[in-house]
Structures are given as structure tokens and as C-alpha cells.
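On a predicted model such as this, the values are computed, not experimentally measured, just so you know.
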Amino acid sequence: MLARLKKTCPLAVNIFTNTVSPHFAYLDKEQTQGAVVLEMKAPVQTNSVSDYLHERVVEKALELMNYNLNLYCELDEKCPFPAWRDDFEKLK
């Protein structure tokens with residue numbers, strides 16, 4: 001499956017095969033909620049909301065947003081699996 005998908009949707013394959021960012025990760029212990037994530041070391045740790053406004057954090061957030069937008073377009077335009085396309089249409 002991944003070999004077939006890699007030809008048309010390399011970003012989709014990357015989230016399942018990469019162990020570095022961006023990749024798929026579960027967000028809870030029960031492994032029921034997952035997401036595409038981009039990890040980084042905290043540039044500062046003051047335990048303040050302002051930590052999330054640090055320039056490097058904002059850059060990584062924009063990088064993840066761009067990746068997700070490109071992934072959406074890739075799957076929308078090129079996904080080779082009919083069932084995936086049908087499910088994808090339901091999300092729109």
C-alpha cells in the first residue's frame with residue numbers, strides 16, 4: 001500500500017514512515033487520538049503563555065500548517081485509493 005501511495009502522495013507516506021518531524025503521533029495514552037506533529041526543543045521554558053509566541057515556535061507552527069495544507073491538496077488531487085477519496089470527500 002505504501003509503495004503505491006508513495007508514487008502519487010509522498011507527503012502522506014512520510015507521516016507514516018518518518019520518525020522525525022513531521023510525523024504521525026498519538027496524543028493520548030489510549031492511542032485513540034492522533035495527529036501530524038512537528039516536534040522541537042523548547043527555545044525557552046518560562047511556563048508562560050509567551051513561550052508559544054517565541055519566534056522559533058511560530059516558525060515551526062507555520063511550517064506544520066504549510067505541511068498540512070500541502071498534504072490536504074496532495075490527497076485531494078492525487079489519492080489513488082477510491083475508499084480514501086470517498087472518505088476525504090465526506091470531510092469537505
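Proximity of a side-chain donor or acceptor of Asn18 to a complementary backbone N or O of His23 within less than 3.5 Å is not detected. Here the side chain of Asp28 pairs a donor or acceptor atom with the backbone of Thr32 at under 3.5 angstrom.
Grouping the Ile, Leu, Val, Met, Phe, Trp and Tyr side chains by contacts below 4.5 angstrom, directly or via other members, places Phe16 with Leu71. Side-chain heavy atoms closer than 4.5 Å link hydrophobic residues (I, L, V, M, F, W, Y) into clusters, and following such links, even through other members, never connects Leu27 to Leu64.
Here the CG-SG distance, from Leu11 to Cys73, works out to 10.0 Å after rounding to the nearest 0.5 Å. Summarising the geometry, atom CZ belonging to Phe81 is positioned 8.0 Å from atom SG belonging to Cys9; distances are rounded to the nearest 0.5 Å. Between atom CD of residue Gln45 and atom CG of residue Asn47 there is a gap of 7.0 Å, rounded to the nearest 0.5 Å. Summarising the geometry, atom SG belonging to Cys79 is positioned 9.5 Å from atom CG belonging to Asp87; distances are rounded to the nearest 0.5 Å. In this structure, CD on Glu63 lies 11.0 Å from CG on Asn68, to the nearest 0.5 angstrom. Atoms NZ and OG1, on Lys78 and Thr8 in that order, are 8.0 Å from each other to the nearest 0.5 Å.
Residue pairs meeting the ring pair (Phe, Tyr, Trp, His ring centres under 6.0 Å) criterion with at least one member in residues 26-71, sequence neighbours excluded, are Phe24-Tyr26.
Residues Arg85 and Leu75 fail the side-chain proximity criterion, which asks for heavy atoms closer than 4.5 Å. You'll find the side chain of Val57 reaches within 4.5 Å of the side chain of Pro43, heavy atoms only. Using a 4.5 Å heavy-atom cutoff, the side chains of Glu39 and Lys60 are not in contact.
The hydrophobic cluster around Leu69 extends to Val58, Leu62, Met65, counting ILVMFWY residues whose side-chain heavy atoms fall within less than 4.5 Å of a member.
Screening Thr17, Asn14, Val13 for a side chain to side chain contact (heavy atoms under 4.5 Å, CB included) involving Lys6 leaves a single residue, Val13.
No more than 12 heavy atoms of other residues, nucleotides or ligands sit less than 6.0 Å from atom CD of Glu55.
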